[in-house]
Structures are given as structure tokens and as C-alpha cells.
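Numbers restart at 1 for each chain; the letters A, B, ... are given by sequence-line order, proteins then strands. Basis for what follows: all heavy atoms, side chains included, without hydrogens, waters or symmetry-related copies.
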Protein chains: 2
Amino acid sequence: MSAPEEAIPTLRIGDVAKLADTTPRTIRYYEELGLLPNEPSRPSGGHRLYTQADVDRLREVMRLKHLLGVSLGELKELLTAEEARAAVRAELRRDDVNPARRRELLAQALGHIDRQLDLVHRRALELAKLQKELSETRKRVKRRIRELDAHASGTYAPTPDVEAAGESRS
Amino acid sequence: MSAPEEAIPTLRIGDVAKLADTTPRTIRYYEELGLLPNEPSRPSGGHRLYTQADVDRLREVMRLKHLLGVSLGELKELLTAEEARAAVRAELRRDDVNPARRRELLAQALGHIDRQLDLVHRRALELAKLQKELSETRKRVKRRIRELDAHASGTYAPTPDVEAAGESRS
DNA sequence: CCTGATCTTTACGTTCACGTCAGTTTCTAC
DNA sequence: GTAGAAACTGACGTGAACGTAAAGATCAGG
């Protein structure tokens with residue numbers, strides 16, 4: 001097997017910044033706040049070295065921040081839970097824990113997940129509601145346009161470029 | 001008909017703050033930034049007087065800020081569009097606009113709505129994806145718990161209070 | 001009409017989430 | 001081994017989104 005359990009850290013902070021589309025400053029700041037559970041290795045010189053897993057975690061942190069719209073402080077709470085989950089997984093990987101303990105750990109993990117799911121779910125509901133409202137307003141407007149076009153047909157030539165309005169690149 | 005088109009403004013800034021669950025400072029700040037399209041009336045004294053419609057608009061602004069996670073600057077852009085829509089509605093209410101103009105106005109309104117919908121839609125998709133991921137992780141954990149309980153039955157008494165983990169009030 | 005609560009503007013203070021600079025050290029390439 | 005790029009640790013700066021304090025004007029109730 002040539003796939004090592006944990007790849008050797010080889011990425012420098014600038015590389016990580018580019019890969020995660022952010023800056024070294026932000027990475028150090030997040031580390032300072034404790035948002036990045038496992039600190040980077042620092043062989044010999046003081047330079048931080050990261051793995052791809054670190055990049056993924058960083059991206060996930062930024063994603064949560066973006067999607068949940070929470071402060072870095074609140075985010076840390078959530079990630080502390082995540083970290084606990086990681087610890088749980090580590091302990092679970094060893095086969096020498098008794099079933100009672102195993103169950104306790106799994107129940108904890110479940111609690112952490114549920115906490116995040118709860119947050120996400122609330123937001124999703126709110127967003128869905130907003131989306132629905134906007135969609136209905138949109139429908140009404142479109143209906144009025146159709147009515148206008150129908151009534152005006154023969155009198156004014158309908159200008160049929162409505163669908164293209166309000167589109168963004170992508 | 002005893003329902004006036006526009007109710008007389010009677011709410012003071014402190015009332016509005018309480019109704020919208022914010023502070024007078026924030027309201028003045030938003031007004032300063034131009035986030036509140038129609039400025040409050042100021043009869044005789046310099047005190048601002050608001051209507052319930054103003055409260056609703058303020059709440060809507062705060063809601064958008066919360067749900068879309070945009071800066072007040074970006075939010076202003078969106079609300080400027082909203083304002084334009086309002087102006088459109090006002091012009092449309094008068095019956096003396098010719099159909100071509102009417103159609104143009106409606107098309108504009110549609111564009112503004114689509115712009116907001118686009119934003120909301122993107123976010124909703126991202127959130128849904130996150131939710132799905134979390135849900136699947138949750139399933140896996142629950143499955144492991146069930147397996148554990150099944151295997152342990154007879155040896156250890158299963159502790160069946162897992163569903164209650166990580167719940168919040170409401 | 002008087003008093004206390006609420007409002008006004010002006011202005012400075014604060015927290016968050018980084019940006020930026022300085023001086024030094026370490027890595028990479030030649 | 002030496003130049004240049006990148007990283008290190010402070011430290012101070014900054015824009016956004018308000019909070020807070022001051023000094024005065026205004027409003028609502030008795």
C-alpha cells in the first residue's frame with residue numbers, strides 16, 4: 001500500500017492561502033482563534049507546513065462561516081464540537097473501548113451533528129420562505145406582463161425580451 | 001371606507017426600535033446609509049414619526065441582511081432596486097401610462113426580482129447541499145449506534161435516549 | 001407649567017475580521 | 001554562499017456596523 005495514513009505536510013502557508021482562496025494573515029488569525037483544530041507542523045524552522053486535509057478543513061470553516069453567517073466566535077463553538085467529534089472518531093478507531101463507552105461517544109457525536117443540522121435547518125427554512133415569497137411576487141409581475149401583451153396585441157407590437165432580464169453570468 | 005391609503009405616522013423611533021427588535025441608533029444609521037427608502041416625517045419638532053409600513057420595511061431589511069449575509073452596502077444596492085420597484089408600482093397605479101411604458105416598467109421590476117431570486121437561490125442550494133451532507137453523516141452515526149445496540153443486546157442494556165440529543169427549544 | 005422620559009445631532013469609542021508594515025529569519029535557486 | 005522570495009512575529013491601521021456619551025430640544029402626563 002503506497003497510500004500513507006497521513007500524508008506528509010508539504011504545503012506552505014502561501015500555498016494553502018491560494019488553494020483556499022484567502023490570505024496567509026487570515027490563516028494565522030484563524031489559527032490564533034483556535035478555528036483550526038490541528039495545528040500545523042513546524043519542522044526545524046518556524047515555517048508552518050500543511051497537508052491537503054488542512055486545506056479542506058480551512059475551506060470547510062470558511063464555508064460554514066459563509067453559509068451560517070455566524071461570527072468567528074460562534075463558529076468556534078461549532079468547530080469545537082467538530083473537534084470533539086474527531087476525537088471521538090479517533091477513540092472509536094481503537095478497538096479496545098467497551099461497548100458502553102462506544103455508545104456514549106457515538107451519542108455525543110450525534111448531538112454535535114444535530115446541533116449543526118438544527119442551525120442549518122432553520123436557515124434553510126427561512127431562506128425557502130423568502131424564496132417562495134419572491135417567486136410569488138415574480139409570478140404576479142409576469143402575469144401582468146402577459147395580460148398587457150395579450151390586450152395590446154394588434155395595437156402595440158409586444159417586445160419579447162423579458163426572460164433575459166436580471167440574469168447574471170455563470 | 002375608513003381605511004386610509006396611508007395611515008398617519010404615529011410611531012416614534014423608540015417604538016419602531018422595539019417593534020423591529022433593534023435600537024434607535026441602528027435605525028438612524030440605516031436611514032443615513034439610505035437603506036430606508038422613504039424618510040420619516042418630521043412634523044413641527046425634529047422628531048421622526050413612522051408608520052407600521054416603515055416597521056415592516058425595516059424588518060424586511062434586517063431579514064435580508066440576515067438571510068443573504070450581505071454588507072449594508074450591497075444590501076443598499078438590492079434595496080435601491082426595491083425602491084425602484086416601488087416607484088414602478090406607484091407609476092403603474094396611475095392609469096394614464098401607455099402600454100409600452102407599462103411593459104417597460106414591469107420588465108424592470110421583473111429584473112429586480114430576478115436579481116434577488118438569483119441570490120436567494122444560490123444560497124438555498126449551498127445550504128441544501130450542506131444539510132444533505134450533515135444528514136448523511138448523521139445517518140451513518142445512527143446506524144453505528146443501532147449496530148452497537150443490536151450486538152450488545154443481552155450483554156449490555158441499551159440506553160435508549162439517543163433521539164433527544166442535540167435538540168433545542170421551540 | 002413643570003418634570004421626566006424620549007428625541008435631536010455631534011462626536012468619539014468599540015468590536016470584529018482582518019490588512020499592512022517593519023524588522024528579522026528561513027527557504028529556494030543559482 | 002548569496003540573492004531574492006516567502007514566512008515569522010509583533011504591532012499598529014482600517015472599514016463596517018454599530019455603541020455610548022454629551023448637551024440640548026421636545027413631547028406626554030399630571
Quick one: which of [options] gets closest to the side chain of [X]?
{"X": "A:Arg12", "options": "D:dA11, C:dT28, C:dC7", "answer": "C:dT28"}
{"X": "B:Ile13", "options": "C:dA17, D:dC8, C:dT8", "answer": "C:dT8"}
{"X": "A:Arg25", "options": "C:dC18, D:dC8, D:dA17", "answer": "C:dC18"}

Salt bridge check: are [X] and [Y] linked by an N-O gap of less than 4.0 Å?
{"X": "B:Glu60", "Y": "B:Arg63", "result": "yes"}
{"X": "B:Asp54", "Y": "B:Arg57", "result": "yes"}
{"X": "B:Arg101", "Y": "B:Glu104", "result": "yes"}
{"X": "B:Asp56", "Y": "B:Arg59", "result": "no"}
{"X": "B:Glu147", "Y": "B:Arg143", "result": "yes"}

Open item on the list: At 4.0 Å (heavy atoms only), tell me whether A:Arg28 reaches a base, stays on the sugar-phosphate, or touches nothing.
Closed with: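 Base contact.
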What's the [atom1]-[atom2] distance between [X] and [N], to the nearest Å?
{"X": "A:Leu33", "N": "C:dA17", "atom1": "CG", "atom2": "P", "answer": "8 Å"}
{"X": "B:Leu36", "N": "D:dC18", "atom1": "CG", "atom2": "P", "answer": "12 Å"}
{"X": "B:Glu31", "N": "D:dA17", "atom1": "CD", "atom2": "P", "answer": "17 Å"}
{"X": "B:Leu72", "N": "C:dA17", "atom1": "CG", "atom2": "C1'", "answer": "16 Å"}
{"X": "B:Ile27", "N": "C:dT9", "atom1": "CD1", "atom2": "C1'", "answer": "16 Å"}
{"X": "B:Lys76", "N": "D:dG15", "atom1": "NZ", "atom2": "C1'", "answer": "17 Å"}
{"X": "A:Tyr50", "N": "D:dA6", "atom1": "OH", "atom2": "P", "answer": "17 Å"}
{"X": "B:Tyr29", "N": "D:dT20", "atom1": "OH", "atom2": "C1'", "answer": "16 Å"}

Would you say [X] reaches [N]'s phosphate, i.e. side-chain N/O to OP1/OP2 under 4.0 Å?
{"X": "B:Thr23", "N": "D:dG19", "value": "yes"}
{"X": "B:Ser44", "N": "D:dC27", "value": "yes"}
{"X": "B:Arg42", "N": "D:dC27", "value": "no"}
{"X": "B:Thr26", "N": "D:dG19", "value": "yes"}
{"X": "A:Tyr30", "N": "C:dA17", "value": "no"}

- [ ] Between B:Gly73 and B:Pro43, name the one whose nearest nucleotide on DNA chain D is closer to the 5' end.
- [x]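 Comparing both residues, the 5'-ward one is B:Gly73.
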